[in-house]
K.L.:
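Sharing a structure here in structure tokens format.
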Amino acid sequence: MTQHDTTFPEHFLWGTATSAYQIEGSPLADGAGPSIWERFVHTPGLTIGGDTGDVACDHYRRWREDVRMMADLGLRAYRFSVAWARVLPEGRGTVNTKGLDFYSRLVDELLAHGITPLTTLFHWDLPAALDDRGGWLNPDIAHWFADYADVMFKALDGRVRHWATLNEPWVVTDGGYLHGALAPGHRSLYEAPIATHHLLRAHGAAVQRYRSVGKHQIGLVVNLEPKYAASDSAADQAATRRAHAYMNGQYLDPVFLGRYPEEMREIFGAAWPEWPAADHELIKQKLDFIGLNYYTRSVTRDAPEAWPVRAGRVIQPQATYTETSWEVFPQGLTDTLAWIRERYANPPVYITENGAAFYDPPVAENGRVADALRVDYLRKHIGAMHAAIAAGSDVRGYMAWSLLDNFEWSLGFAKRFGLVHINYATQQRTPKDSARYYSRVVASNGAAL
Ligand SMILES: OC[C@@H]1[C@@H](O)[C@H](O)[C@@H](O)c2[nH]c(CCc3ccccc3)c[n+]21
């Protein structure tokens, strides 16, 4: 890193991110209903080591301690998600006030410590009762979701001023309906486009509802992964276009441009439906910001065997890789922010997730966790973000993934993304070197990069 001024705009929002099922534990406490992840993790063989979110980081009981720790680290913001089935155990109908109260108290505690809450309404943990009714495959889910969002807006809007409807519709569809690695574990070429479309309709319906009851900001969180062709060959170029449309354009084009990328029909063929214009009107509600989750890039080649996108990732021998086999490529964040700026007319962006799982050394006698690789990852990506801001991107904040080591979905607890180490046997929290480093970055508004 060449040393240059990396001070960020005034009021730049520095924080960390988590999600309900990954940290809370107590999934059925106080009247909460089961989610599809509760079912998934208790189905043998679906998570590494049979790990579950039954306890996770016990945040549902330790939330005050965790907020105090954020304040001690000088963090200014905190992105968390609401477990839909705590608030509406059946996904719709009767509100469980004890579930709602957990989030209301959490928000008040954050505000009392000068920490800005950013609240995600859906981070993959769909109420099981709605999955029994078809879940994201049932067109009615658009109003089920809007009704749930309405409950949250009326309860928290004003204290929460930054809402996100969905976390990463691409992962929900690709993981939950196409390849089946994530809940609800379907594998269907025909279901995937339907799930995508109903996720986007639900997003639009919630934004539309917010415009009638809310007074602050609402956006959509997407994971974007820039695709770089492995060669100039026509086949690799075409595969790169397909992969880019499938992971990146498939979600933001409908929201900002009112249409899906034309590559979608090429990818899904007869499985790609034609949708009514009214749906596209519903989906393309104006947003106040995009939430960008950035982790890595993909050098992309033609891969006829890689159904259905027929695009494959080319390993970069000279690169550093994380424990989840993602290439460390900070330039991809700069490039992705430039793509957003140019394609969607420079909308405000919050980096809502950025981080890495590395094999961390154990907690030393002196209480240190010397996670140098994570410090380097954060430093380079915050620098890459600054380069995009200098080039004109309207980036308003950065949430490091994650505050805590936590339940990494089907990978269980084996992968540690936290700035704070969790000893799962004792639930002891230990800030890693990366937490200390990030505290200095936040305190200096980016100058101490
Ligand atoms: O994998 C780390 C984090 C998850 O813990 C978050 O819940 C989720 O929002 C999230 N998204 C991504 C990038 C998209 C992705 C997710 C899973 C598998 C492949 C890519 C990375 N992460």
Side-chain angles (χ1 to χ4, degrees), residues 15-24 35-37 40-41 46-48 51 53 56-57 59 78-83 118-126 164-183 185 199 219-227 243 246-248 250-252 290-298 300 306 309 311 313 321-329 332-333 336 350-358 360 374 377-378 381 398-420 422:
T16 59
T18 65
S19 88
Y21 190 75
Q22 294 181 267
I23 68 165
E24 289 177 358
S35 74
I36 56 175
W37 273 93
F40 196 77
V41 301
L46 297 186
T47 62
I48 288 180
D51 288 350
C57 308
H59 177 76
Y78 176 55
R79 174 181 177 239
F80 65 93
S81 78
V82 173
L118 293 86
T119 304
T120 308
L121 290 167
F122 173 76
H123 199 123
W124 305 359
D125 49 354
L126 186 72
T165 54
L166 307 174
N167 180 74
E168 301 186 339
W170 178 86
V171 178
V172 176
T173 295
D174 185 80
Y177 291 89
L178 185 65
H179 295 294
L182 303 176
L199 278 154
L220 170 67
V221 173
V222 289
N223 55 290
L224 299 181
E225 183 178 286
K227 311 292 182 180
Y246 178 64
M247 195 167 192
N248 304 324
Q250 186 179 187
Y251 298 90
L252 290 183
I290 292 177
L292 166 59
N293 293 355
Y294 176 84
Y295 287 87
T296 189
R297 70 157 172 182
S298 170
T300 305
V309 186
R313 189 188 299 268
Y321 281 78
T322 72
E323 280 292 289
T324 52
S325 305
W326 296 338
E327 181 189 357
V328 177
F329 191 72
L333 176 53
T336 299
Y350 288 86
I351 308 295
T352 35
E353 288 180 28
N354 176 240
F358 289 112
D360 293 338
R374 185 170 293 104
Y377 182 97
L378 293 176
H381 285 82
Y398 175 89
M399 308 297 137
W401 183 269
S402 179
L403 173 69
L404 307 171
D405 291 338
N406 60 50
F407 178 74
E408 181 51 35
W409 307 110
S410 55
L411 301 180
F413 297 104
K415 306 301 176 187
R416 292 177 177 265
F417 279 87
L419 272 63
V420 173
I422 297 282

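Indexing begins at 1, ligand by ligand and atom by atom, following the structure's order.
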K.L.:
Pairing donors with acceptors under 3.5 angstrom, does anything connect the side chains of Tyr246 and Asp174?
P.N.:
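Tyr246 vs Asp174: donor-acceptor pair found between side chains.
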K.L.:
Got a sec, which residues hit ring pair (Phe, Tyr, Trp, His ring centres under 6.0 Å) with Phe358, two or more places apart in sequence or on another chain?
P.N.:
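Ring pair (Phe, Tyr, Trp, His ring centres under 6.0 Å) check on Phe358 returns nothing, list empty.
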K.L.:
Examine the side chains of Thr120 and Asn167 and answer whether a donor and an acceptor come within less than 3.5 Å of each other.
P.N.:
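Asn167 and Thr120 do not have a side-chain donor-acceptor pair below 3.5 Å.
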K.L.:
Ligand 1: which residues have a non-hydrogen atom closer than 4.0 Å?
P.N.:
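Correct list: Gln22, His123, Trp124, Asn167, Glu168, Val171, Asn223, Asn293, Tyr295, Trp326, Glu353, Trp401, Glu408, Trp409, Phe417.
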K.L.:
Is there a side chain to side chain contact (heavy atoms under 4.5 Å, CB included) between Val420 and Asp405 once you walk through the steps?
P.N.:
CA-CA 6 Å; Val420 173; Asp405 291 338; over 6 Å; no
K.L.:
Below 4.5 Å, heavy atoms only, C-beta onward: do Phe407 and Thr47 meet side chain to side chain?
P.N.:
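Touching, per the 4.5 Å side-chain cut-off.
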K.L.:
Would you call Arg79 and Glu353 a salt bridge, taking side-chain N to carboxylate O under 4.0 Å as the test?
P.N.:
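Yes, this pair counts.
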